[in-house]
Amino acid sequence: MNKITPQPGIMDIALYQGGQSHVEGVENVIKLSSNENPFGPSPKAIEAVRDSATLLHRYPVTDHYNLRAAIGERHGLDPDRIICGVGSDEVLQFVAQAYAGPGDEVIHTEHGFSMYPIIARMAGATPVEVPERDRKVDVDAILAAVTDRTRIVFVTNPGNPTSTMISDAELTRLAEGLPQTCLMVLDGAYAEFVPGFDGGAGLVDRFDNVIMTRTFSKIYGLGGMRVGWGYAHREIIDVLNRVRQPFNLSLTAIAAAEAAVADVEYVEFCRAENARLREWLSAELAKIGVPSDPSCTNFILARFADQAEAEACDAYLQSKGLIVRRVAGYKLPNALRITVGDEKACSRVVAAITAFKGGAA
Ligand SMILES: *Cc1c(COP(=O)(O)O)cnc(C)c1O
């Protein structure tokens, strides 16, 4: 019988579950489920997008030179060692496609980003999950899981949905412990929220097999534009460019990202506001018996007594127009991930969880 069938393994790929954005029958909803910037993009990025509209008949550049130069200048990095992608997700996909295939293993951690196993399977490779310790990446567990088939290790630092970080010393120990045949990918999607943190760029400079990825989707507030980038050794960038489509980034996306990365003041404002509101939110929730680990990101992982309480609280928040993220799929059934919104959003969250806890008592 002739039947069109996909390649082996394709149907094993899970469909990514995005953050929910509306609640049936509830108005005035605040979305706190996708770690978006509550203040939106830089006004300069918005202006650049408007200006780009008259040029939409033109193909975008293929080498992203100006954007890479702007990123390089902002972070003190060599633009020739930067690659840009349609979100950092695309850069992660380039890495898997170029360096892993059938029979190869790709390590990700227990509470790691759900895109890692998806991306591994897209390349035909086998994802291998490694436990974390108290919601933190466990370097020893990763090293113990490495086999001669391991090609890539994905580590998010700070982590999503855990919000925790491991130290530079721990990351160095991981890089030193991995075989040279294995790439270490440091996903720095939340690096900008940590003052003074280089996202792992220093490790890239010290180890040939380390790659850092970054995104414009979080602190830059450009999730809708889809721009991310990677930093690695020149040889690796050269490999990744061979699996990148020449026009992967749209002209509009390039314009927005270029303007955003140059607006240092706006990023600083977002970082400071996030830190202030995050500390307030976590402290208020802790007072009413909802603890969370100290967060290094723009969200907190609020812990409840058990899965039933977390789900009941989520349902209550939804009824109040507050959408947060359930993380049972990340092996954190007792927790809810709550993006730090603006002041009004944080106040609404605290009021709603206080009412929920009061009602439950
Ligand atoms: C949000 C996020 C990203 C960013 O993905 P983009 O494709 O750049 O939007 C990457 N990794 C993690 C862990 C994230 O939470």
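Ligands are counted one by one from 1 in listed order, and the atoms in each one are counted from 1 as well.
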Going by the order shown, which atoms of ligand 1 are within less than 4.0 Å of some heavy atom of A189?
2 (C), 3 (C), 10 (C), 11 (N), 12 (C), 14 (C)
Should the pair F113 and Y16 be assigned to parallel (<30°), tilted (30 to 60°) or perpendicular (>60°) ring geometry?
perpendicular
Any idea which of N35, V86, D89 brings a heavy atom closest to atom 5 (O) of ligand 1?
D89
Whether G228 lies under 4.0 Å from ligand 1, heavy atom:
no
Out of curiosity, is F216 lining ligand 1, as in a heavy atom under 4.0 Å away?
no
What are the atoms of ligand 1, with element, lying closer than 4.0 Å to any heavy atom of G87?
6 (P), 7 (O), 8 (O)
For R276, is there an ion pair with E273 - N to carboxylate O distance below 4.0 angstrom?
yes
I'd like to know if E129 pairs up with K331 as an ion pair, taking the criterion as any Lys NZ or Arg NE/NH1/NH2 lying under 4.0 Å from an Asp or Glu carboxylate oxygen.
yes
Where ligand 1 meets Y190 - atom numbers and elements under 4.0 angstrom, heavy-atom basis:
1 (C), 14 (C), 15 (O)
Can you name the atoms of ligand 1, numbered from 1 with element, that are less than 4.0 Å from a heavy atom of S217?
6 (P), 8 (O), 9 (O)
Distance-only N or O hit between ligand 1 and Y116, under 3.5 Å:
no
For the aromatic rings, using the six-membered ring if either is Trp, is the centroid distance between F299 and Y190 under 6.0 Å?
yes
Regarding R214 and E192, does a basic nitrogen lie under 4.0 Å from an acidic carboxylate oxygen?
yes
So, K357 and E309, do they make that salt bridge, N to O below 4.0 Å?
yes
For atom 4 (C) of ligand 1, what's the nearest protein heavy-atom neighbour? Residue, atom name and distance, please.
S88 OG, 3.3 Å
shortest atom 7 (O) of ligand 1-to-protein heavy-atom contact is with R226 NH2, 2.7 Å
Which ligand 1 atoms does T156 reach within 4.0 Å, using its non-hydrogen atoms?
13 (C)
Ring centre gap for F39 and F269 strictly below 6.0 Å
yes
Provide, to 0.1 Å, the distance between atom 11 (N) of ligand 1 and the closest protein heavy atom, together with that atom's residue and name.
D187 OD2, 2.6 Å
Closer than 3.5 angstrom, by distance alone: can the side chain of E105 be matched with the main-chain N or O of V128 as a donor-acceptor pair?
no
Atom 3 (C) of ligand 1 sits nearest the protein heavy atom K218 NZ, 3.4 Å
So F356 and F304, would you call those rings parallel, tilted or perpendicular, with 30° and 60° as cut-offs?
perpendicular
